[in-house]
A.B. asks: 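First the structure, which I've put down as structure tokens, then a few questions once you've had a look.
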Amino acid sequence: MPVYEFYCKDCNREFEVQMRLSEYEKQSEQHKCKNCDSSNTERRISMFEAKTSRKS
Ligand SMILES: [Zn+2]
């Protein structure tokens with residue numbers, strides 16, 4: 001299962017969320033920070049995803 005990296009703008013920390021690609025595509029909403037429970041987060045592109053991104 002891929003791991004998605006997020007960055008929290010409130011506590012300035014990164015955290016990872018593990019979920020299926022289908023789940024991720026469904027949930028384009030913000031993910032809550034695991035550290036401070038803020039939803040003021042943005043996604044980071046992971047190495048894994050960059051390598052496996054679909055080009056079609
Ligand atoms: Zn946070």
Side-chain angles (χ1 to χ4, degrees):
M1 203 180 289
V3 173
Y4 298 94
E5 292 177 8
F6 292 85
Y7 173 75
C8 174
K9 294 174 189 171
D10 280 358
C11 64
N12 295 316
R13 290 176 68 175
E14 292 182 357
F15 62 98
E16 295 180 342
V17 177
Q18 195 178 47
M19 66 184 134
R20 295 173 194 278
L21 182 62
S22 56
E23 278 178 273
Y24 170 71
E25 285 174 344
K26 255 189 291 181
Q27 302 174 4
S28 51
E29 317 258 318
Q30 300 286 341
H31 287 267
K32 283 195 176 175
C33 174
K34 286 182 177 176
N35 303 306
C36 68
D37 208 35
S38 165
S39 55
N40 189 19
T41 60
E42 68 180 18
R43 202 166 81 77
R44 288 275 167 94
I45 306 293
S46 69
M47 299 284 285
F48 175 83
E49 191 178 356
K51 276 187 204 166
T52 59
S53 62
R54 289 171 293 176
K55 288 177 183 171
S56 57

A.B. asks: Measuring from Met19:CE to His31:NE2, what's the distance to the nearest 0.5 Å?
C.D. replies: 3.5 Å
A.B. asks: Per the salt bridge (Lys or Arg N to Asp or Glu O under 4.0 Å) rule, what does the pair list look like for residues 12-21, sequence neighbours excluded?
C.D. replies: Glu14-Arg44
A.B. asks: For a quick test of reading the model, state the closest non-hydrogen atom pair linking Cys11 to Cys8 and the distance between them.
C.D. replies: N-SG, 3.4 Å
A.B. asks: Which word best sums up how the rings of Phe6 and Phe15 line up, parallel for under 30°, tilted for 30 to 60°, or perpendicular for over 60°?
C.D. replies: parallel
A.B. asks: Starting from Val17, can I reach Leu21 by hopping between I/L/V/M/F/W/Y residues whose side chains sit under 4.5 Å apart?
C.D. replies: yes
A.B. asks: Looking only at heavy atoms, which two atoms of Arg43 and Glu5 are closest? And how far apart?
C.D. replies: CG-O, 3.3 Å
A.B. asks: Counting only N and O atoms by type, is there a donor-acceptor contact under 3.5 Å from the side chain of Thr41 to the main-chain atoms of Cys33?
C.D. replies: no
